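The analysis underlying the following values was restricted to heavy atoms, covering all of them including side chains, and did not include hydrogens, waters or symmetry mates. Start at 1 and go down the list; that is how both ligands and their atoms are numbered. Treat the numbers as computed from the prediction; the structure is a model and nothing was measured.
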Amino acid sequence: MTGPAFDPELIAADLLSGDRRALARGITLVESTRDDHRRLAETLLGAVMARSGDSIRLGISGVPGVGKSTFIEAFGGHLIAQGHRVAVLAVDPSSARSRGSILGDKTRMELLARNPSAFIRPSPAAGTLGGVARRTREAMLLCEAAGFDVVIVETVGVGQSETAVADMVDMFLLLLLPAGGDELQGIKKGIVELADLIVVNKADGELDKAANRAVSDYRNALALIRAGSAHWKPPVLRCSALEGTGIEDIWQTIGKYRNAMAAAGQFQRRRAEQARAWMWNEVQESLMLALRHHPAVRDALPELESRVLAGDLPPALAARDLVARFLGKDSDRDGLTG
Ligand SMILES: Nc1nc2c(ncn2[C@@H]2O[C@H](COP(=O)(O)OP(=O)(O)OP(=O)(O)O)[C@@H](O)[C@H]2O)c(=O)[nH]1
């Protein structure tokens with residue numbers, strides 16, 4: 001995986017002209033964990049940075065089976081018909097080896113996958129949620145630089161990945177099933193509170209009436225928890241991804257959200273704050289990595305850790321010793337270890 005395929009200048013030039021193969025190569029580069037690749041990735045990101053940002057970044061989540069891929073296929077196709085270019089990325093830290101992981105199955109979003117105005121990329125295969133999130137953020141910037149003006153980040157609605165995704169997008173959409181009751185409990189669990197827009201999918205056939213009930217239940221529930229901000233109250237809409245109904249209404253609502261947030265100065269502000277938080281995350285991860293690899297820390301770690309595990313050393317004291325070793329500040333150490 002070396003050689004001209006990873007020349008960041010070449011990738012940048014092709015990528016900026018909208019070439020999807022260059023985009024795919026660029027994303028492979030930012031996903032690589034090799035040190036030399038990381039430096040090339042940073043050169044690439046630096047080269048295209050000025051051309052990124054001109055898009056709407058949408059997070060889409062929902063429990064397995066709610067119809068995420070059917071929805072993205074319908075929604076993406078609809079936008080492409082209007083002249084947009086749509087990129088779909090996935091965040092699924094559990095996707096490493098699990099079968100049927102999101103976007104892993106090639107038959108999902110088949111029409112979109114074949115469309116030259118679409119770009120679909122499965123979740124990076126390995127790593128922590130933090131690592132996957134970082135690589136997805138970088139992939140998102142590359143998609144924008146390649147001229148994709150709608151970037152969708154899909155995640156399964158079962159864990160912590162929603163928060164990570166909500167933290168990297170402009171707008172977070174939650175897909176729900178036409179069912180009330182137990183499902184409404186989700187409202188208290190916080191995921192619904194991340195939503196800027198709720199969509200009840202499968203509003204068709206036998207589920208049509210249930211969908212209407214669900215819409216009004218969720219509207220009431222959102223009012224009750226005073227969801228949203230002074231600038232935006234998350235609406236509840238219905239759609240049928242299968243029949244393609246309600247899709248344009250959703251796109252219109254996304255436009256309204258964007259306008260309302262931009263008018264209030266919140267659109268850029270959210271992005272700016274996301275960028276700052278991302279910087280600090282990077283600092284944190286780099287420092288942790290450097291600390292763990294520092295020889296003086298590595299030497300002392302087994303003993304300190306086992307004493308903390310055994311309960312005969314206060315964790316805070318052990319932490320101070322480790323940090324002092326890392327910083328080379330002997331005066332801050334209490335002579336806990338040799
Ligand atoms: N009736 C109806 N069925 C739908 C609709 N959207 C999706 N489905 C069906 O629901 C099932 C799940 O759809 P998917 O799009 O695979 O759902 P998903 O949320 O991506 O599922 P995972 O891959 O498990 O995360 C499929 O059988 C779809 O045909 C809809 O609008 N109406």
Completion exercise
Logged contact type for L242 with ligand 1, heavy-atom cut-off 4.0 Å, is both

Completion exercise
Closest heavy-atom pair, C143 versus L89, reported as atoms and distance to 0.1 Å, is SG-CD2, 4.1 Å

Problem - Atom indices of ligand 1, in the order listed, that fall short of 4.0 Å to a heavy atom of V66 - result: 19 (O)

Exercise for the section: Please work out which of K202, E154, E73 has its closest non-hydrogen atom nearest to atom 5 (C) of ligand 1. Expected result: K202

Handout entry: Numbered atoms of ligand 1 (with element) below 4.0 Å of K68, judged on heavy atoms
Key = 15 (O), 17 (O), 18 (P), 19 (O), 20 (O), 25 (O)

Completion exercise
Heavy-atom nearest pair, L15 first then V48, reads CD2-CG1, 4.2 Å

Practice task
Could you walk me through whether R39 and D35 pass salt bridge (Lys or Arg N to Asp or Glu O under 4.0 Å), step by step?
Solution key: CA-CA 7 Å; R39 277 187 295 278; D35 277 351; 5.4 Å; no

Practice task
Could you list which atoms of ligand 1 come closer than 4.0 Å to a heavy atom of N201?
Solution key: 5 (C), 6 (N), 31 (O)

Problem - Check: G65 N/O within less than 3.5 Å of ligand 1 N/O - result: yes

Handout entry: Distance-only polar pair, side chains of E282 and W278, donor-acceptor under 3.5 Å
Key = yes

Fill in the blank from the handout: Note: ligand 1 atoms sitting under 4.0 Å from heavy atoms of S240 are 31 (O)

Practice task
Give the numbers and elements of all ligand 1 atoms closer than 4.0 Å to a heavy atom of D204.
Solution key: 1 (N), 2 (C), 30 (C), 31 (O), 32 (N)

Handout entry: Over 12 non-hydrogen atoms of neighbours within 6.0 angstrom of CZ in R51
Key = no

Practice task
Scan side-chain atoms only and decide if R85 and S55 contain a donor-acceptor pair under the 3.5 Å cut-off.
Solution key: no

Exercise for the section: Run the numbers on W251 and V150 for side-chain contact (heavy atoms from CB on, under 4.5 Å), then give the verdict. Expected result: CA-CA 11 Å; W251 181 236; V150 181; 3.9 Å; yes

Exercise for the section: Looking only at distances, please establish whether an N/O atom of ligand 1 is found under 3.5 Å from an N/O atom of G67. Expected result: yes

Problem - Any N/O pair F71/ligand 1 closer than 3.5 Å - result: no

Problem - Any E193 side-chain heavy atom under 4.5 Å of L174 side chain - result: no

Exercise for the section: Evaluate side-chain contact (heavy atoms from CB on, under 4.5 Å) for F71 paired with I247, printing each intermediate quantity in order. Expected result: CA-CA 9 Å; F71 175 80; I247 303 290; 3.9 Å; yes

Problem - Any G62 heavy atom less than 4.0 Å to ligand 1 - result: no

Completion exercise
If you compare I60, T70, D208, L175 by their heavy atoms, the one closest to atom 7 (C) of ligand 1 turns out to be T70

Handout entry: Under-4.0 Å heavy-atom contact with ligand 1, by part of V63 that carries it
Key = backbone

